[in-house]
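Right, one structure below, let's go through it.
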Amino acid sequence: MKQRDNKADRFWDWIARRYDRQVHRDENYTQAVERIAKYLDPGDTVLDYACGPGVVALKIAADVTEVHAIDTSERMIEIGKQRARESEVANVHFAQKTIFDDSLRRESYDVVLAFNILHLLEDARPAVQRASELLKPGGLMISSTPCVAEAGVLLRMLLSLVSRVLPLSHLWKFSTADVEDLILHEGLEILESEAPERTLPIFRVVARKR
Ligand SMILES: C[S@@+](CC[C@H](N)C(=O)[O-])C[C@H]1O[C@@H](n2cnc3c(N)ncnc32)[C@H](O)[C@@H]1O
C-alpha cells in the first residue's frame with residue numbers, strides 16, 4: 001500500500017514496537033477476547049480492522065477458519081506477521097490496507113472486529129458503513145472503543161492536549177453515544193453493549209447486520 005504516507009501512519013509506525021510490548025502485558029486484551037469467544041464459530045471468516053500488531057487476531061485464530069488482519073501502518077503489519085510466524089499461526093493473513101481497499105469483498109465476513117480504532121478516525125461513519133457492507137447478512141461487528149468524553153476530567157484535559165500534538169484529533173471528545181449513533185445509523189442491531197466503570201471507559205458493542 002504505497003499511496004498513503006500521512007502523519008497518522010508515521011505516528012503508528014513510530015510507536016508500533018512500544019505499543020506491541022504494552023498490549024502484550026495488558027490483561028484487558030485477554031478479557032476482551034474471552035468475552036467475544038462466544039460469538040465466534042469455527043467456520044467464521046473474520047476481518048480484524050486496524051489490527052495493530054495483531055494481538056486479537058492471533059488470539060482468536062484457533063477459534064475460526066480465517067482472519068484477515070488489516071492496518072495502515074507498515075510496522076504494525078510487520079510485527080503481526082513476525083508474531084504469526086513465531087507462533088506458527090497460518091490462518092491469520094496480515095496486509096497493509098485500509099478498510100476501503102477493493103480487494104475486500106462485500107458480504108464476505110462473518111465477523112468484523114473494530115478494536116480501538118473508531119475514536120481515532122477523522123470521520124468514523126464511512127468506516128462503519130464499509131464494515132457493514134463487508135459483513136454477510138446476520139454477520140457481527142464487534143467493537144471496543146475508548147470513550148474519552150466520559151473519562152475523568154484530568155485525563156480528558158491531558159488527552160485534549162495530546163491530541164493537539166499527535167494526529168489523534170477526535171480522540172478526546174468521543175463518547176458512548178457517538179459509538180451507538182454510528183452503529184445504529186448503519187441499521188445494525190445492538191445485541192450487547194457495556195462500558196465498565198474505569199478511569200477511561202472502554203465501550204464494547206456487539207452489533208448484528210440484519
Ligand atoms: C490503538 S491501535 C489498535 C490496534 C488493535 N486493534 C488493538 O486493539 O490492539 C490503532 C491502530 O489503528 C491503525 N489505524 C489508524 N488509522 C487507520 C485507518 N484509517 N485504517 C486502518 N488502520 C488504521 C493504526 O495503524 C494502529 O495500528
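Just so it is clear, the values below take in all heavy atoms, side chains as well, and ignore hydrogens, waters and symmetry mates. Each ligand, and each atom within it, is numbered from 1 in the order the structure gives.
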Answer yes or no: does an N/O atom from Ile117 fall short of 3.5 Å to an N/O atom of ligand 1?
-> no
Are any of the N/O atoms in Asp48 less than 3.5 Å from those in ligand 1?
-> no
Leu120 and Trp12, any side-chain heavy atoms less than 4.5 Å apart = yes
Can you figure out which of Ile70, Asp9, Thr72 has its heavy atom closest to atom 14 (N) of ligand 1?
-> Thr72
Are the side chain of Asp48 and the backbone of Gly54 linked by a donor-acceptor contact shorter than 3.5 Å?
-> no
May I ask you to decide if Pro42's main-chain N or O and Thr65's side chain share a donor-acceptor pair within less than 3.5 Å?
-> yes
Under 3.5 Å: N/O of Ala50 near N/O of ligand 1 = yes
Where ligand 1 meets Gly52 - atom numbers and elements under 4.0 angstrom, heavy-atom basis = 4 (C), 5 (C), 27 (O)
Determine, for Arg130 against Glu133, whether the closest basic-nitrogen to carboxylate-oxygen distance falls under 4.0 angstrom.
-> yes
Using a strict 4.0 Å cut-off to heavy atoms of Ser73, name the atoms of ligand 1 that fall inside it.
-> 25 (O)
What pairs of donor and acceptor atoms, side-chain ones from residues 175-186 against any protein atom, are under 3.5 angstrom apart with sequence neighbours left out?
from: Ser175; atom 1: OG; to: Ala177; atom 2: N; distance (Å): 3.4
from: Ser175; atom 1: OG; to: Asp178; atom 2: N; distance (Å): 3.1
from: Ser175; atom 1: OG; to: Asp178; atom 2: OD2; distance (Å): 3.2
from: Thr176; atom 1: OG1; to: Glu150; atom 2: OE1; distance (Å): 3.0
from: Thr176; atom 1: OG1; to: Glu150; atom 2: OE2; distance (Å): 3.2
from: Asp178; atom 1: OD2; to: Ser175; atom 2: N; distance (Å): 3.0
from: Asp181; atom 1: OD2; to: Arg125; atom 2: NH2; distance (Å): 3.0
from: His185; atom 1: ND1; to: Arg125; atom 2: NH1; distance (Å): 3.1

Met76 heavy atoms, cut-off 4.0 Å: which ligand 1 atoms fall inside?
-> 27 (O)
Is Glu194 salt-bridged to Arg35, going by a charged N under 4.0 Å from an acidic O?
-> yes
Under 4.0 Å between heavy atoms, the region of Ala8 that gets near ligand 1 turns out to be neither
Give a yes or no on whether the backbone of Val89 and the side-chain of Ser87 come within a donor-acceptor separation of less than 3.5 Å.
-> no
A student checking ligand 1 against Phe115 at a 4.0 Å heavy-atom cut-off should list atoms 3 (C), 5 (C), 6 (N), 8 (O)
Can you find an N or O of Thr98 that's nearer than 3.5 Å to an N or O of ligand 1?
-> no
Ligand 1 versus Trp12: contacting region, heavy-atom distance under 4.0 Å = side chain
Can you tell which part of Asn116 has a heavy atom less than 4.0 Å from ligand 1: side chain, backbone, both or neither?
-> both
Is Val55 near ligand 1, meaning one of its heavy atoms is under 4.0 Å from it?
-> no
Among Arg204, Lys38, Arg208, whose salt bridge (charged side-chain N to carboxylate O under 4.0 Å, His left out) with Glu192 holds?
-> Lys38
Out of Asp71, Asp20, Val23, whose heavy atom sits nearest atom 11 (C) of ligand 1?
-> Asp71
Please identify each residue that fulfils side-chain hydrogen bond (donor to acceptor under 3.5 Å, both in side chains) with Glu34, with sequence neighbours left out.
-> none
Honestly, for Leu121 the part within reach of ligand 1 (heavy atoms, under 4.0 Å) is side chain
Please confirm whether the backbone N or O of Ile77 pairs with a side-chain atom of Asp71, one donor and one acceptor, at under 3.5 Å?
-> no
